[in-house]
Engineer: 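Handing you this structure, nothing more for now.
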Amino acid sequence: NYITHRLTLVAITTLCISGGFYMYFKSKPLDKTSFFSRWFYNAGFSAVVYDIVLLTVTYSILMVSLVKTKDRLKEWLG
């Protein structure tokens, strides 16, 4: 399925990007002045999972709304 493939791609891309930042900030000592350093030290890998869920759900809502809008537009134009 096209949408499933796209959602998988979004999840994998998010894992790579967010996971990369997670590894970057965790490889350095805690910097109390940096929001992201504090975020990754406090939340751990759950921050990466949170990003994956947030972006995948947001993308799926966008895709569903676009498909419904496209179908309604076809009906309206006849």
Side-chain angles (χ1 to χ4, degrees):
N1 188 343
Y2 177 72
I3 293 178
T4 305
H5 175 64
R6 297 286 291 236
L7 290 175
T8 304
L9 189 61
V10 168
I12 291 171
T13 303
T14 304
L15 173 64
C16 291
I17 294 171
S18 192
F21 281 110
Y22 168 78
M23 291 189 319
Y24 172 75
F25 283 106
K26 289 290 282 189
S27 69
K28 297 180 174 238
L30 175 63
D31 178 7
K32 294 186 178 186
T33 62
S34 169
F35 168 79
F36 290 108
S37 180
R38 291 191 321 265
W39 168 255
F40 284 118
Y41 266 91
N42 288 330
F45 193 75
S46 297
V48 177
V49 174
Y50 170 80
D51 285 345
I52 292 170
V53 171
L54 179 69
L55 290 174
T56 305
V57 168
T58 302
Y59 187 77
S60 64
I61 292 170
L62 172 70
M63 292 303 293
V64 167
S65 66
L66 286 176
V67 167
K68 288 188 176 191
T69 302
K70 184 179 175 184
D71 291 342
R72 288 185 186 143
L73 185 61
K74 283 181 184 177
E75 290 175 13
W76 185 70
L77 292 175

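Bear in mind that the values here come from a model prediction, so they are computed numbers and not experimental data. FYI, side chains are in, hydrogens and waters are out, and symmetry mates aren't considered; it's all heavy atoms of this structure.
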Engineer: Would you compute the distance between atom CG of Leu9 and atom OH of Tyr59 and round it to the nearest 0.5 angstrom?
Structural biologist: 8.0 Å
Engineer: Rounded at 0.5 Å granularity, tell me how far CG in Leu55 sits from OG1 in Thr14.
Structural biologist: 4.5 Å
Engineer: Would you say Lys68 and Val64 make side-chain contact, with heavy atoms under 4.5 Å?
Structural biologist: yes
Engineer: Should Val57 and Val48 be counted in the same cluster of Ile, Leu, Val, Met, Phe, Trp and Tyr side chains packed under 4.5 Å apart?
Structural biologist: yes
Engineer: Please say whether more than 12 non-hydrogen atoms of neighbouring residues, nucleotides or ligands are located less than 6.0 Å from NZ in Lys26.
Structural biologist: yes
Engineer: For the hydrophobic clusters of this structure (ILVMFWY residues joined by side-chain heavy atoms under 4.5 Å, transitively), does one cluster hold both Val53 and Met63?
Structural biologist: no
Engineer: Show the nearest heavy-atom pair for residues Ala43 and Ala47, with the distance to one decimal.
Structural biologist: CB-CB, 3.9 Å
Engineer: What distance do Ser65 atom OG and Lys70 atom NZ have between them, rounded to the nearest 0.5 Å?
Structural biologist: 13.0 Å
Engineer: Backbone N or O of Tyr24 within a donor-acceptor pair of the Ser27 side chain at under 3.5 Å?
Structural biologist: yes
Engineer: If Ile, Leu, Val, Met, Phe, Trp and Tyr residues are connected whenever their side-chain heavy atoms lie under 4.5 Å apart, and connections chain through other members, are Ile12 and Tyr22 in the same group?
Structural biologist: no
Engineer: Give, for atom CZ of Arg6 and atom OG1 of Thr13, the distance between the pair rounded to the nearest 0.5 Å.
Structural biologist: 10.5 Å
Engineer: Side-chain heavy atoms under 4.5 angstrom apart, residues restricted to Ile, Leu, Val, Met, Phe, Trp, Tyr: same cluster for Tyr50 and Val10?
Structural biologist: no
Engineer: Using side-chain heavy atoms (C-beta onward) and a distance below 4.5 Å, is Leu54 in contact with Thr58?
Structural biologist: yes
Engineer: Would a single hydrophobic cluster contain both Ile61 and Leu7, if residues Ile, Leu, Val, Met, Phe, Trp and Tyr are joined by side-chain heavy-atom contacts under 4.5 Å?
Structural biologist: no
Engineer: Could you check whether the rings of Phe40 and Phe25 sit parallel, tilted or perpendicular, using 30° and 60° as the cut-offs?
Structural biologist: parallel
Engineer: I'd like to check Tyr41 versus Ser37 (side-chain heavy atoms, cut-off strictly below 4.5 Å). Are they in contact?
Structural biologist: yes
Engineer: Answer whether the closest heavy-atom distance between the side chains of Phe21 and Phe36 falls below 4.5 Å.
Structural biologist: no
Engineer: Atom OG1 in Thr33, atom CZ in Arg38: separation rounded to 0.5 Å?
Structural biologist: 8.0 Å
